[in-house]
There are 2 protein chains.
Amino acid sequence: MTRNIIDSVDRKILTALQRDASIPATALAEVAGLTSTGCWRRIKRLEEIGVIAARVTLLSPQALGLGLTGYVMIRTRDHGDAWLRRFLDTVGAFPEVVEIHRTTGDLDYLLKIVARDLAAYNEIYRTISQLPDVTDVSAAFSMEAIKSTTELPLPR
Amino acid sequence: MTRNIIDSVDRKILTALQRDASIPATALAEVAGLTSTGCWRRIKRLEEIGVIAARVTLLSPQALGLGLTGYVMIRTRDHGDAWLRRFLDTVGAFPEVVEIHRTTGDLDYLLKIVARDLAAYNEIYRTISQLPDVTDVSAAFSMEAIKSTTELPLPR
DNA sequence: TATGAAAGACACGATTC
DNA sequence: GAATCGTGTCTTTCATA
């Protein structure tokens with residue numbers, strides 16, 4: 001993990017790329033106050049040290065008819081490896097399950113789900129509730145996404 | 001929002017682009033079983049109807065030293081517009097707050113936070129708890145991200 | 001009408017000095 | 001950092017079924 005090797009110029013580059021990866025290299029260089037060569041070298045470096053993880057296309061859930069975003073909180077009695085493997089093989093296999101976190105606090109697992117509707121969610125819910133040693137399952141559905149971004153804060 | 005206008009070929013294209021937007025156009029056309037012209041036309045259309053929302057660069061939280069991912073659940077007494085505006089202006093302004101949802105169920109707001117450490121989180125927490133009419137704030141921190149993807153399920 | 005092939009201008013990635 | 005070159009992409013136009 002080490003220290004941050006990101007300076008203010010890198011930050012400008014990353015800020016722009018997080019927002020829009022299709023920005024022309026010349027425009028990006030200008031934003032960063034660099035020549036295109038220098039800009040390119042920095043991007044290469046940021047890829048090499050793993051800061052830049054991927055370049056992806058984001059889709060619109062609304063346009064795809066994915067009207068339901070929800071968070072599911074699960075409590076279990078058994079926390080062993082075997083249970084986790086089974087959990088992943090069943091629940092994690094749903095493409096609607098986009099995040100799974102093992103968490104501190106009162107909860108044990110927190111999932112983010114993006115699905116077409118409650119019927120689609122219900123299938124996942126049933127899969128979860130049929131797992132052994134699940135003591136509690138509760139959900140909070142998003143009525144409105146007030147903020148939602150893939151842009152991470154750039155420290156320092 | 002209306003019906004899906006996505007066929008199986010579109011799905012192949014979107015699946016590939018969700019995974020890696022830097023895939024060469026020729027390779028993408030091959031995956032979809034299309035010529036580059038046909039592939040290009042479909043992408044254009046998917047952009048126009050809003051299915052393709054953006055092309056972004058994803059960064060690695062670990063590489064950036066962002067070691068803390070957490071979910072904060074907030075309950076309030078006041079649900080008016082004025083409160084929401086103040087909430088957004090203060091809490092929503094933190095770049096560490098990457099998601100805000102108004103939710104159903106027992107909770108009122110659910111936030112996702114990506115921060116450097118507990119000290120950075122604490123600043124946000126203090127801002128939240130100082131808001132009027134906040135009756136409850138609880139957090140669950142991710143000890144392990146078992147699954148985390150920006151890829152949405154492609155229905156139908 | 002929809003799809004494939006061809007061809008051009010252009011910009012990007014990468015190297016060299 | 002500047003200049004450069006090969007490559008691939010974007011886009012249009014024409015041909016085809």
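Reminder, nothing fancy here: chain letters follow the sequence lines and each chain counts from 1.
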Completion exercise
Note: chain B reaches DNA chain D at heavy-atom distances under 4.0 Å over the stretch, first to last nt, 5' to 3', of D:dT9 to D:dT12
Practice task
With pairs defined as Watson-Crick or G-U wobble and both distances under 3.5 angstrom, please note down DNA chain D as a dot-bracket string, | for pairing with another strand.
Solution key: |||||||||.|||||||
Exercise for the section: Check whether any side-chain heavy atom of A:Thr69 lies under 4.5 Å from a side-chain heavy atom of A:Val114, and answer yes or no. Expected result: yes
Practice task
Just do the side-chain contact (heavy atoms from CB on, under 4.5 Å) check on B:Leu84 and A:Ile146 with the steps written out, would you?
Solution key: CA-CA 10 Å; B:Leu84 179 57; A:Ile146 297 169; 3.9 Å; yes
Problem - Residue among B:Ile43, B:Leu46, B:Leu154, B:Thr15 satisfying side-chain contact (heavy atoms from CB on, under 4.5 Å) with B:Asp10 - result: B:Leu46
Could you list the donor-acceptor pairs under 3.5 angstrom formed by side chains in residues 128-136 of chain B, with sequence neighbours left out?
unit_1   : atom_1 : unit_2   : atom_2 : d
B:Ser129 : OG     : B:Tyr125 : O      : 3.2
B:Ser129 : OG     : B:Arg126 : O      : 3.2
B:Thr135 : OG1    : B:Arg75  : O      : 3.2

Practice task
Could you tell me whether the side chain of A:Gln18 and the main chain of B:Leu59 form a donor-acceptor pair under 3.5 Å?
Solution key: no
Practice task
Going 5' to 3' through nucleotides 5-17 of chain C, assign each nucleotide B (protein heavy atom under 4.0 Å from a base atom), S (under 4.0 Å only from sugar-phosphate atoms) or - (no protein heavy atom that close).
Solution key: BB-----SSSB--
Exercise for the section: Scan for salt bridge (charged side-chain N to carboxylate O under 4.0 Å, His left out) pairs involving residues 53-69 of chain B, sequence neighbours excluded, and state none if there are none. Expected result: none
Exercise for the section: Using the test side chain to side chain donor-acceptor pair (under 3.5 Å), find all partners of A:Thr103 that sit at least two apart in sequence or belong to another chain. Expected result: none
Exercise for the section: Can you tell me the distance, in whole Å, between the CZ atom of B:Arg42 and the C1' atom of C:dT3? Expected result: 10 Å
Problem - B:Thr104 side chain to A:Phe141 backbone, donor-acceptor under 3.5 Å - result: yes
Handout entry: side-chain contact (heavy atoms from CB on, under 4.5 Å) assessment of A:Leu14 paired with A:Ile52
Key = CA-CA 8 Å; A:Leu14 293 173; A:Ile52 290 179; 3.9 Å; yes
Exercise for the section: Could you tell me whether the side chain of B:Val51 reaches within less than 4.5 Å of the side chain of A:Leu64, counting heavy atoms only? Expected result: yes
